[in-house]
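Below is one structure, written out as structure tokens; the observations come after it.
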Number of protein chains: 4
Amino acid sequence: MVTGSSKPQQRRGDTRQRIQDVTLELIAEQGYEKTSLREISERLGVTKAALYYHFKTKEDIVVSLFTDLMRPIDDVIAWAAEQPPTLEAKLEILGHYSSALSDAAPLFRFMQENQATMRELSIGENFKERMTSLLDHLLPEDVTLTDRVRCFSALFSMHAGMFVLRDVEGDPEEKRKAILEVASDLVTRAHHS
Amino acid sequence: MVTGSSKPQQRRGDTRQRIQDVTLELIAEQGYEKTSLREISERLGVTKAALYYHFKTKEDIVVSLFTDLMRPIDDVIAWAAEQPPTLEAKLEILGHYSSALSDAAPLFRFMQENQATMRELSIGENFKERMTSLLDHLLPEDVTLTDRVRCFSALFSMHAGMFVLRDVEGDPEEKRKAILEVASDLVTRAHHS
Amino acid sequence: MVTGSSKPQQRRGDTRQRIQDVTLELIAEQGYEKTSLREISERLGVTKAALYYHFKTKEDIVVSLFTDLMRPIDDVIAWAAEQPPTLEAKLEILGHYSSALSDAAPLFRFMQENQATMRELSIGENFKERMTSLLDHLLPEDVTLTDRVRCFSALFSMHAGMFVLRDVEGDPEEKRKAILEVASDLVTRAHHS
Amino acid sequence: MVTGSSKPQQRRGDTRQRIQDVTLELIAEQGYEKTSLREISERLGVTKAALYYHFKTKEDIVVSLFTDLMRPIDDVIAWAAEQPPTLEAKLEILGHYSSALSDAAPLFRFMQENQATMRELSIGENFKERMTSLLDHLLPEDVTLTDRVRCFSALFSMHAGMFVLRDVEGDPEEKRKAILEVASDLVTRAHHS
DNA sequence: GATGAATGAGCGTTCATTCAT
DNA sequence: GATGAATGAACGCTCATTCAT
């Protein structure tokens, strides 16, 4: 089976996809404002104008990235909304959320490190709502301020954990489990208090 | 005799300070790259060129901000380095760190939300080292991966907590205490395991 | 169908060339540093940004000018390198060099009058080497200091002659011949001593 | 006799002179436009504003330099104007001119390398007139174009010679004599033809 | 499905100059 | 005899965006 004849034969039809890939790569590394369309197009071997064939604006590229990569996470959140308020359910939510996060790691690295930009990308708001919704399903009834902090701390640690532990030696999957364990602890404590 | 009666009376001699203030305000709100020197100077009622009398570059303004506002935090970290590895000492460290943080809140908001920029501001590295140093003094001996996560999670929650809880109703000081409590819990758990 | 009827009919496709032309004109007249991109672009009826579509930097425009206009002169120098060290050959070299120079007159006017700038344009060095190489082929064996002065004086007079004689009345071609004669004299004297 | 007590005691009263010295140094090296008042004042250890106490404008500094350093050369030219049109007198003129030039070498290096700037410094014109006047006294009666070239070539070589021969090994005084010899030759030839 | 050519707005920075003190 | 503080104008350059082809 033959995939293509030679180099100049750029895999066709997937340019849109490749723009998204390269963009995610670059903005995760340098941030949104420091990543220019020139840079993206050069790394892709096309002209800047080509980007405008596939996307309406620079912001649009990033928004599309989010829409695509956030879906699995949205699914978890939507599913979470239907779970009963038992501890078991909460821990299961955390487990699924953790898995979904580790797939979307570069996206979250970008979000984590460019919150100022996120706020103006019209997409931050959506995300904040989703977080609030997810948080609600982790909170116990009659929540104290301290327990609220425990739960947000659990979520937050999951978001940030992967990047922070990057230069600690060890298997990524083990790290993920350690983070999940701490998060579960926090939510459990909140549930019992 | 009263020096400052009204607006047009430009308090002289404090321009350098005012540049720093306005800059912190703006970059905390919009991020570093989106804050232009034009904006800063306009809000101050001077020309862009005036900024260059007081600072060598845009980066220099921000670096000076850090150097100034980070000192109290550095002091806590330096003091922490001399404490014995007892649980009591660790909890005291957390307490002092929490206070220091709440004074430098705008600075930390900026850092939190512009991590991508921080990395290129030559000042991020310093900060990372300081965090690592502080973390080391919170960790138990023979630390497990999970306990390491607990401690970083404690620090991280303190950094982020104030902003995240901003739209929860309640007294800021109470919020700070709740965050401190959760952080203390995490460090205590790590210490005993 | 006629392509160029009047002004607003911007001849397209030749913008790059026109930038070079206008730039040479302006820097020959005012020098490199005093010629701004604004001035160039205004005279061309385009924006400054348009210049950056065709050239990477201001320096790049000038370097491209040199690369293009120096070629004929380089050719003479390369050809000179293959000639035998006879007087006849030397005089022939001078003749060809003189012709090549008069074609590139504006370029040499710029070089002559902006030597300080040339030194930092990374292109001056190249030129110096070429001059040294050409000079070597004019020098007799066992050269005395005086004869070395004669030969450089011959070259130098050819470079500067055209501009200096500008406000002496007379046919340019006659002037060129007069200059060539003096240069030939100098080289002949050096050869025989 | 004691001139000063220690370092911080800047030799007083000579600031004006020191500004001129530093300025000549810098513009000879970098050219007029690339030399900023900031640079001059920094190298002197004073503020930019101090320069304005001593001189009205940047141009004024350079003009004053010329007025001062050109005097010996003007003297030679004035003296030349009174000499008879004999060959002996002409050769004597050349000799004196050569000496005067070697004293004012840095000035001439600047003039040589910044002709574009000179033209706008209102001082170039004066110089051109002086050159024309000097040239007139070297030309024979009933001058041919070729002889005119010989004489300007003689002058020109004297101006440029010192810089061009800089990287030829040998005693500067010997170089000067070699240049003078060639110039004398040229003028002699013109005189006899 | 993409390019070539260009634009308008803005950026950080530097400059010569001014003037009250 | 000099400084501290500031200005206005300009500079080289980059950016996201447009549009005819």
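Everything numeric in this text was worked out from a predicted model, so none of it was measured. Below, chains carry the letters A, B, ... as their sequence lines are ordered, and counting in each starts from 1. What you see below is based on every heavy atom in this structure, not just the backbone, and it leaves out hydrogens, waters and symmetry mates.
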*According to a strict under-4.0 Å criterion, is D/Thr15 in side-chain N/O contact with OP1 or OP2 of F/dA2?*
yes

*Grab the CD1-C1' distance between A/Ile40 and F/dT17 for me, whole Å please.*
14 Å

_I'd like to know if the side chain of B/Gln115 and the backbone of B/Gln112 have a donor-acceptor N/O pair within less than 3.5 Å._
yes

*Can you list the residues that meet the ring-ring contact (aromatic ring centres under 6.0 Å, His included) rule with A/Tyr52, with sequence neighbours excluded?*
none

*Roughly, in whole Å, what's the span from CZ in B/Arg18 to C1' in F/dA6?*
13 Å

*Excluding sequence neighbours, so at least two apart, what forms salt bridge (Lys or Arg N to Asp or Glu O under 4.0 Å) with D/Lys34?*
C/Glu120

*Send over the distance from A/Phe55 CZ to E/dA2 C1', rounded to a whole Å.*
15 Å

*Could you tell me whether B/Arg43 and B/Glu39 make a salt bridge, using a distance below 4.0 angstrom between a side-chain N and a carboxylate O?*
no

*Can you give one letter per nucleotide of nucleotides 9-15 of chain F, going 5' to 3': B for a protein heavy atom under 4.0 Å from the base, S for sugar-phosphate only, - for none?*
--SBBBB

*Interatomic distance, B/Leu26 CG vs E/dC11 P [rounded to whole Å]*: 12 Å

*Could you list the residues that satisfy ring-ring contact (aromatic ring centres under 6.0 Å, His included) with D/Phe108, not counting sequence neighbours?*
D/Phe127, D/His159

*Report the secondary structure of DNA chain E in dot-bracket form, marking unpaired bases with a dot and bases paired to a different strand with |, and treating Watson-Crick or G-U pairs with both distances under 3.5 Å as paired.*
.||||||||||||||||||||

_Selected nucleotide, minimal atom distance to C/Ala50 side chain, candidates E/dA6, F/dA6, E/dA2_ = E/dA6

*A/Arg71: salt bridge (Lys or Arg N to Asp or Glu O under 4.0 Å) partners, not counting sequence neighbours*: none

*Sequence-distant partners of A/Lys48, salt bridge (Lys or Arg N to Asp or Glu O under 4.0 Å), two or more places apart*: none

*asked:* Going by side-chain hydrogen bond (donor to acceptor under 3.5 Å, both in side chains), name the residues that satisfy it together with D/Glu29, two or more places apart in sequence or in a different chain.
replied: none

*asked:* I'd like to check the salt bridge (Lys or Arg N to Asp or Glu O under 4.0 Å) partners of B/Asp68; sequence neighbours left out, ordered by chain and number.
replied: none

*Within the pair B/Tyr53 and F/dA5, is there a side-chain N or O less than 4.0 Å away from OP1 or OP2?*
yes

*OP1 or OP2 of E/dA2 sitting under 4.0 Å from any side-chain N/O of A/His54?*
yes

_Rounded interatomic separation in angstrom, taking CG from D/Leu51 and P from E/dC19_ = 17 Å

